[in-house]
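Here the structure is a predicted model, which means the values were calculated and not measured. Numbered from 1 within each chain, the chains take letters A, B, ... in sequence-line order.
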Protein chains: 2
Amino acid sequence: MTTRWLTPEEQRAWRAYLAASTLLEDALDRQLQQEAGMPHLYYAVLAVLSDAPDRRMRMTDLAEHAKITRSRLTYVVTRLEKDGAIRRENCQWDKRGSIAVLTDEGLALLERLAPGHVESVRKAVFDHLTPEQIGQFEEICSAIAAAIEGEEAQQNGPDDLPWRRRSCSSGQ
Amino acid sequence: MTTRWLTPEEQRAWRAYLAASTLLEDALDRQLQQEAGMPHLYYAVLAVLSDAPDRRMRMTDLAEHAKITRSRLTYVVTRLEKDGAIRRENCQWDKRGSIAVLTDEGLALLERLAPGHVESVRKAVFDHLTPEQIGQFEEICSAIAAAIEGEEAQQNGPDDLPWRRRSCSSGQ
DNA sequence: AGTTATTGTTTAAAACTTGAACCAAGCCCG
DNA sequence: CGGGCTTGGTTCAAGTTTTAAACAATAACT
């Protein structure tokens with residue numbers, strides 16, 4: 001089948017997206033790097049963890065939520081552990097597993113960083129969008145994320161969906 | 001002033017954006033890496049260049065359009081030059097300058113890669129958006145990009161805007 | 001002329017990413 | 001039970017990328 005090229009509208013949207021996402025990632029990285037010597041990815045991992053029940057999550061779970069590979073996550077967590085922001089614990093229910101736990105120190109770090117980070121996000125994004133646009137943005141991004149995740153699931157075969165994942169997380 | 005935290009709607013939107021952008025970058029990288037051994041950034045640079053008049057652009061110009069630093073661009077172009085996709089020429093009008101030129105080979109490469117890439121973008125993004133959403137997406141992303149670029153301009157002082165940039169590009 | 005700013009590259013060090021290999025533990029099933 | 005297969009997570013080695021600072025050459029301003 002012959003290529004379905006992007007329409008002019010699609011092209012404009014795509015270019016705008018590329019510009020925005022590149023600039024945004026850069027801006028967030030820069031801000032956090034300056035404030036904490038830590039790129040945005042690390043902050044994001046801490047943030048995901050802080051939202052988990054009991055501030056703890058299985059590695060695979062955490063990787064899935066942060067949308068990164070386990071290998072990458074291992075690397076990140078290793079560094080965050082050195083920084084004292086995360087501690088690893090063994091999973092009692094599954095002796096293979098390890099659980100990343102956000103330490104008090106990690107939480108404190110996150111709380112120290114959060115205002116500046118949120119301010120960046122506001123200044124770059126939400127201060128310039130109307131409430132409708134915020135809703136639209138969420139819809140659009142959700143659709144994209146869903147499409148990509150669905151696509152991947154298809155590739156692995158329909159049986160491979162992470163349809164029920166034991167968490168082993170909230171037993172303290 | 002006390003932190004203006006994100007509202008629940010904003011949080012949802014932000015989370016969706018983070019997921020989408022991470023997954024998207026990953027998917028595009030993977031696809032191009034597989035098809036051409038080349039991450040998305042390289043493709044993007046080639047694409048920008050191919051749109052320039054005469055397929056040529058000053059390095060600084062190119063960096064600005066691709067939203068990356070000059071240093072990063074030097075690295076990228078060096079590799080693309082090795083691949084034969086780009087050639088460097090000296091700028092006659094400004095002897096400091098160098099001009100990146102998309103070679104015929106580079107154009108051919110781009111044309112070979114484009115269908116697969118466009119297909120990826122479609123499958124991940126535009127196939128799942130209504131025409132209205134495409135318009136909204138463009139608006140939103142443009143607003144974000146403008147906000148960040150404006151912000152940076154402010155930091156450098158209002159006089160530092162790249163208000164008129166000689167291009168030295170379209171002389172063959 | 002002399003200072004200051006730009007262009008683009010170089011350099012060296014770090015940081016990151018990847019994929020494959022790997023081990024240990026769980027699971028399945030005759 | 002005891003193989004075989006799968007999963008969770010890490011390790012490893014290699015390469016890629018990023019960054020910041022320093023630099024050389026030229027341009028621009030005063």
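Put simply, Arg72(B) has a side-chain N or O that comes within less than 4.0 Å of OP1 or OP2 on dT18(D). Side-chain nitrogen and oxygen atoms of Arg79(A) include none within less than 4.0 Å of the OP1 or OP2 phosphate oxygen of dA15(C). The side chain of Tyr75(B) places no N or O atom within less than 4.0 Å of a non-bridging phosphate oxygen (OP1 or OP2) of dT9(C). Arg30(B) has no side-chain polar atom (N or O) that falls below the 4.0 Å cut-off from OP1 or OP2 of dT18(C). Taking side-chain N and O atoms only, Arg96(A) has no distance below 4.0 Å to OP1 or OP2 of dT10(D). The shortest distance between the side-chain N/O atoms of Thr74(B) and the OP1/OP2 oxygens of dT9(C) is below 4.0 Å. Phosphate proximity of dT16(D) to Tyr42(B): absent, as no side-chain N or O sits under 4.0 Å from OP1 or OP2.
Checked by atom type, the side-chain pair Gln31(A)/Glu35(A) shows a donor-acceptor distance below 3.5 Å. Donor-acceptor pairing under 3.5 Å is recorded for the side chains of Arg15(B) and Gln11(B).
Side-chain atoms of Glu81(A) come within 3.5 Å of backbone N or O of Arg88(A) as a donor-acceptor pair. Under the 3.5 Å distance criterion, the side-chain polar atoms of Arg122(B) are matched with a main-chain donor or acceptor of Trp5(A). With hydrogens and angles disregarded, a donor-acceptor distance shorter than 3.5 Å links the side chain of Thr103(B) to the backbone of Ala85(B).
Place Met59(A) and Gln33(A) on DNA chain D by their nearest nucleotides, and Met59(A) ends up nearer the 5' end. Between Pro39(B) and Leu73(A), the residue whose closest nucleotide on DNA chain D is further toward the 5' end is Leu73(A). Each of Lys95(A) and Ser71(A) was matched to the nucleotide of DNA chain C holding its nearest heavy atom; the match closer to the 5' end belongs to Ser71(A).
The Thr60(A) side chain lies nearest to dG9(D) when the options are dT10(D), dG9(D), dG8(C). Closest approach to the Asp26(B) side chain among dT18(C), dA21(D), dG9(D) is made by dT18(C) (side chain taken as heavy atoms from C-beta onward). Distances were taken from every side-chain heavy atom of Leu41(A) (C-beta onward) to each of dT17(C), dT10(D), dT17(D); the shortest belongs to dT17(C). Residue Asp94(A) has its side chain nearest to dG8(D) when only dG8(D), dG8(C), dG19(C) are considered.
Within the structure, every pair that satisfies the ring-ring contact (aromatic ring centres under 6.0 Å, His included) test and touches residues 124-151 of chain B, not counting sequence neighbours, is listed here: Tyr17(A)-Phe137(B).
Computed from coordinates, the His40(B) NE2 to dT17(D) P distance equals 14 Å when rounded to whole Å. If you measure from atom CZ of Arg70(A) to atom C1' of dA20(C), you get 13 Å, rounded to the nearest angstrom. Between the NZ atom of Lys82(B) and the P atom of dT16(D) there is a distance of 10 Å, given to the nearest Å. Following rounding to the nearest Å, Asp29(A) (CG) and dT17(C) (C1') show an atom-to-atom distance of 15 Å. The CD1 atom of Ile86(B) sits 11 Å away from the P atom of dT9(C) (whole-angstrom rounding). To the nearest angstrom, P of dA27(D) lies 12 Å from CG of Asn90(B). Atom CE of Met38(A) is separated from atom C1' of dA15(C) by 14 Å (rounded to the nearest Å). For the pair Trp93(A) CH2 and dA24(C) P, the computed distance is 23 Å after rounding to whole Å.
Using a cut-off of 4.0 Å between Lys/Arg side-chain N and Asp/Glu carboxylate O, Arg56(B) and Asp61(B) are scored as not salt-bridged.
The side chain to side chain contact (heavy atoms under 4.5 Å, CB included) test applied to Gln33(A) returns Pro39(A), not counting sequence neighbours.
Using a 4.0 Å heavy-atom criterion, one finds that Ser98(B) contacts the sugar-phosphate atoms exclusively.
Rounded to 10 degrees, the angle separating the terminal helix axes of the helix from dA1(C)-dT30(D) to dG30(C)-dC1(D), each built from five base pairs, is 30°.
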